[in-house]
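To start, the structure under review is shown below, and the notes come after it.
Heavy-atom basis, side chains included; hydrogens, waters and symmetry copies ignored. So you know, we letter chains A, B, ... as the sequences are listed, proteins then strands, and number each from 1.
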Amino acid sequence: MPFACIYVPDFPVEAILRAEPDLRSKAVAVVEGKPLLEKILEGNENARRAGISAGMTKLQVELCDEVILRDRSELQESAAHQALLDCAQSFSPRVEDFAPDTLLLDLSGLDKLFGPLPKIAREISRHATEIGMETNVAVASTLESALLAAHGFAGVTVVPDGKEAEFLGGLPVEVLFAGDADSKNSEEFLGTFRRWGVRKFRDLAALPEIALTERLGQDGLDLQRKARGMGMRQLVPCDPPLVFEEVIELEYPIVLLEPLAFVLNRMLEQLCARLQGRALAAQELKLELNLENGRSETDAALTHFQRTIRLPVPLLDPKTFLKLLQLDLKANPPGAPVVKVHLRIEPAKPRPAQNGFFIPASPEPEKLELTLARINGIVGNGRVGSPALLDTHRREAFEIRHFTLSESTSGSERRLAGSAGRGRPALHRQTGEIITGMRIFRPPIAVRVSHRNGRPSHVMSRKRRQISGEVLWAAGPWRSSGDWWEQDAWVRDEWDIAVQEQVGIVLYRLIHDLLTSEWLLEGSYD
Amino acid sequence: MSFLPCSWNAGESLSSTYLPAGPTDKKTIVLNHLASSKRLIDVRPASRLEVRPRPEMLSTSIAEVDAITGGLPRGCLSEICGPASSGKTSVLLAAIAAATQRDETCVLLDASDSFDPESGAAAGVDFRKLLWVRCGDSPLCNSVSSVVKDFDQREHPSTSLKAGSVTPDIHRKTKTSERRLEQVLKTTDLVLQSGGFGLIALDLAGIPEKFVRRIPLASWFRFQRAVEHTKTALLVMSEFACAQTCATVVLKLSAPSTSLRAGSSHQPSAKPSHAQLLQEIRVDVEVARMRMERKPAGSVRTAFVTKAVRAG
């Protein structure tokens with residue numbers, strides 16, 4: 001049964017480099033600890049060549065100009081670990097979360113899907129590189145062999161079946177304790193091996209079992225079996241929750257939207273690569289920004305800025321997401337420099353879309369969302385969308401809903417949709433009947449009204465002098481009222497009037513608000 | 001030889017070509033030379049130009065209008081114009097309702113924010129297929145300037161992300177109508193670029209004439225070119241024809257002074273006002289322009305009646 005091991009050397013550094021790939025060619029070291037007591041946790045290969053090693057103090061390292069120091073970020077390490085899990089699970093459903101930097105995979109049966117084992121190992125390595133991490137990948141017939149080979153050999157390694165002891169024989173015994181949390185115990189063993197002159201795996205494998213057990217106990221025997229490449233444990237598959245989030249803590253606060261877009265672009269690309277690996281798409285984007293002026297403030301509203309963009313259909317295009325976030329941030333600026341960016345994507349299954357030959361063309365969802373966001377930026381939020389009537393007799397009772405592309409509907413559904421949300425009988429025209437349209441004045445125009453025999457005889461607007469004329473004809477009044485149990489009750493008389501103006505006869509709807517005693521022109525028939 | 005000057009310019013230079021002395025021979029040689037010119041070889045003679053295929057028509061669901069125009073042409077710019085209470089909004093609603101009932105996605109760019117959803121529902125508009133863009137003076141209308149402001153303030157980064165830092169100084173002085181018109185034109189460009197809509201309606205009826213006249217002809221050409229060769233019908237509604245030569249069909253609407261029918265009488269009645277009812281409006285339609293027909297169609301007229309909606 002073949003197994004694979006993915007190991008990320010210098011994992012804290014790789015987590016940083018994943019967010020800042022420009023630093024990959026430079027010497028980078030990660031520091032940890034309280035200020036003034038900070039020490040080097042890890043450094044990449046370039047840092048080691050520059051003489052930086054774990055345990056050095058920050059002050060010592062700062063003497064070397066070429067080394068770039070970064071604080072350890074557990075959030076970024078967690079995101080990198082999640083990305084590594086996604087990478088592994090895109091190849092095999094049976095994955096063991098051995099350590100933050102190490103994953104074990106069961107490869108049995110995958111040869112029919114991905115090809116021979118060396119090809120699978122190369123594919124895993126390539127995929128890990130795509131998500132921004134340099135990894136060691138080893139394939140072997142036992143878990144222990146794959147684990148040790150991944151820790152001992154750089155790049156892609158395939159351990160020949162049945163020749164594990166020979167293949168691993170040249171590795172130093174320190175590799176046996178790779179990933180071992182009990183460092184004190186391992187130091188004891190390493191000290192013993194050093195005194196015995198055991199340097200390589202093959203030296204340990206050649207020792208007599210009984211004599212070794214007498215001196216080192218069962219642990220010593222287990223180490224010898226590992227050095228011989230023998231399998232001793234079973235794979236423990238994990239089922240991690242599907243969390244797609246990325247966090248970046250910025251060294252310096254970002255003030256402009258443009259550099260923030262670069263950061264968001266990197267995060268979105270990583271998240272979309274993870275979603276693609278799991279054959280998922282994004283349904284919702286949640287952006288949380290920590291603001292600079294919030295460091296000293298206790299008010300959460302000042303420290304956190306949150307935006308949520310809900311997509312009408314699941315999408316997987318980082319460029320579209322970036323543009324949506326940019327437009328949203330332009331319309332709603334955070335209000336202060338940004339020190340931390342937290343982006344989370346709610347996953348959903350991709351939209352199973354199949355266009356029909358006779359289905360009318362409709363806008364592409366990605367383009368439509370961008371268009372709506374751009375129009376929002378021009379005319380303002382809440383002024384773009386589909387109207388929906390509310391269940392009330394009050395005039396101008398409607399709301400604007402987010403416009404989404406709906407599926408084709410049948411005739412009966414369409415009639416119901418025409419008066420969506422309205423409780424009273426649906427108004428829809430009969431066949432061949434043309435409805436007189438109404439143009440609403442928003443806000444209504446206040447007018448002075450003269451009366452003759454109880455009916456309006458002349459109207460003149462207070463502000464707009466152009467609406468002024470004799471009332472040729474009037475129908476009404478029709479009184480209506482409602483919401484008397486609420487604070488915003490309404491009572492009004494409604495007239496239909498024909499006014500002689502310069503352009504001709506214009507039909508208006510005239511309202512007499514009985515609560516305020518105002519005369520208003522609500523709209524015109526057209 | 002009157003054709004020679006323009007021919008010289010269009011074809012290759014004959015300065016280096018030897019021309020015989022005889023006038024007839026000279027003419028023949030020039031014509032032969034022009035015919036063999038490499039630059040003119042791809043120019044198709046006017047006599048062989050193909051007739052542009054007649055565009056697919058989109059029904060307005062008003063039989064009288066469809067009978068004289070065939071509907072609204074797809075891939076073209078059409079105009080409905082007429083004064084207040086002439087019935088143009090009724091025609092617009094009927095066209096949108098017909099399009100949405102065919103499951104086509106429609107856009108209404110409402111410059112004066114005057115669309116009445118109740119009238120729309122009564123006309124049979126499927127709101128799930130209608131994108132309504134309300135132009136106006138919303139508080140977030142400043143976002144237009146905030147983008148500009150952000151761009152301008154790159155030299156002063158400390159204020160660019162601060163919400164309170166954006167002041168719409170530029171737009172404060174501009175008039176409301178100009179701002180609405182600017183919003184409509186920008187939005188139209190965006191919607192046309194997005195593509196896929198069956199009907200895009202621009203309602204410019206509430207904007208004063210002096211502002212609508214300022215829309216450059218280039219904008220109308222741009223809109224017309226954007227919808228060309230697409231399935232989208234672009235419909236402009238205003239109080240007068242404004243798209244000029246870019247419009248394929250222009251319908252002029254008017255309501256005769258005797259069109260009011262209150263109760264059973266056409267004229268102001270002696271009945272008390274509470275006994276009268278606005279029932280219907282008679283609308284006259286004239287085809288002012290139709291580019292698809294070879295003959296001028298200015299005299300084609302028809303009329304229909306719109307029914308007033310009573311509250312349920």
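Top candidate by heavy-atom pairs under 4.5 Å with chain A, chosen from B:G198, B:S86, B:P83, is B:S86. Most heavy-atom pairs under 4.5 Å with chain A: of the set B:V184, B:I62, B:L130, this distinction falls to B:L130. The candidate from B:L93, B:D113, B:D110, B:L253 with the greatest count of non-hydrogen atom pairs under 4.5 Å with chain A is B:D113. No other option in A:G382, A:G385, A:S480, A:P456 has as many heavy-atom pairs under 4.5 Å with chain B as A:G385. Options A:K367, A:M438, A:Q500 differ in how many heavy-atom pairs under 4.5 Å they form with chain B, and the most are formed by A:M438.
Remark: the backbone N or O of B:F115 is paired with a side-chain donor or acceptor of A:R442 at under 3.5 angstrom. Panel note: side chain B:S90, backbone A:D526; a donor-acceptor pair is recorded below 3.5 Å. Distance alone, capped at 3.5 Å, places no donor-acceptor pair between the B:T187 side chain and the A:I375 backbone. Distance alone, capped at 3.5 Å, places no donor-acceptor pair between the A:S450 side chain and the A:S457 backbone. With hydrogens and angles disregarded, no donor-acceptor distance shorter than 3.5 Å links the side chain of B:D116 to the backbone of A:G437. B:T302 contributes no side-chain N or O that, together with a main-chain N or O of B:V65, makes up a donor-acceptor pair within less than 3.5 Å. The backbone N or O of A:D328 lies less than 3.5 Å from a partner atom in the side chain of A:N332, making a donor-acceptor pair.
The contact between B:A84 and chain A is made by backbone and side chain atoms together, counting heavy-atom distances below 4.5 Å. Contacts between A:L370 and chain B at a heavy-atom distance below 4.5 Å are absent for every atom of the residue. Heavy-atom distances place the backbone of A:T404, and not its side chain, under 4.5 Å from chain B. Proximity to chain B (any heavy atom under 4.5 Å) is restricted, for A:L372, to the side chain, taken from C-beta onward. With a threshold of 4.5 angstrom between heavy atoms, B:K231 does not approach chain A through any atom at all. In this structure, chain A has a heavy atom under 4.5 Å from the backbone of B:V305, while its side chain stays farther away. If you measure heavy-atom distances from B:Q193 to chain A, the contacts under 4.5 Å come from the backbone alone.
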Set out, in order, the CA-CA distance, both residues' side-chain angles and the distance that settles side chain to side chain contact (heavy atoms under 4.5 Å, CB included) for B:C106 and B:K129, then state yes or no. CA-CA 6 Å; B:C106 300; B:K129 292 279 179 186; 5.9 Å; no
Full working for side chain to side chain donor-acceptor pair (under 3.5 Å) between B:D126 and B:T100: CA-CA 6 Å; B:D126 184 354; B:T100 55; 5.8 Å; no
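Taking every heavy atom of both residues into account, A:P387 and B:W132 meet most closely at CB-CE3, 3.8 Å.
Listed in order of number, the residues of residues 201-210 of chain B that approach chain A to under 4.5 Å between heavy atoms are B:D203, B:A205, B:G206.
Taking the ring pair (Phe, Tyr, Trp, His ring centres under 6.0 Å) definition, one finds that B:H229 meets it with nothing, sequence neighbours left out.
Interatomic distance, B:E182 CD to B:E178 CD, rounded to the nearest 0.5 Å: 8.5 Å.
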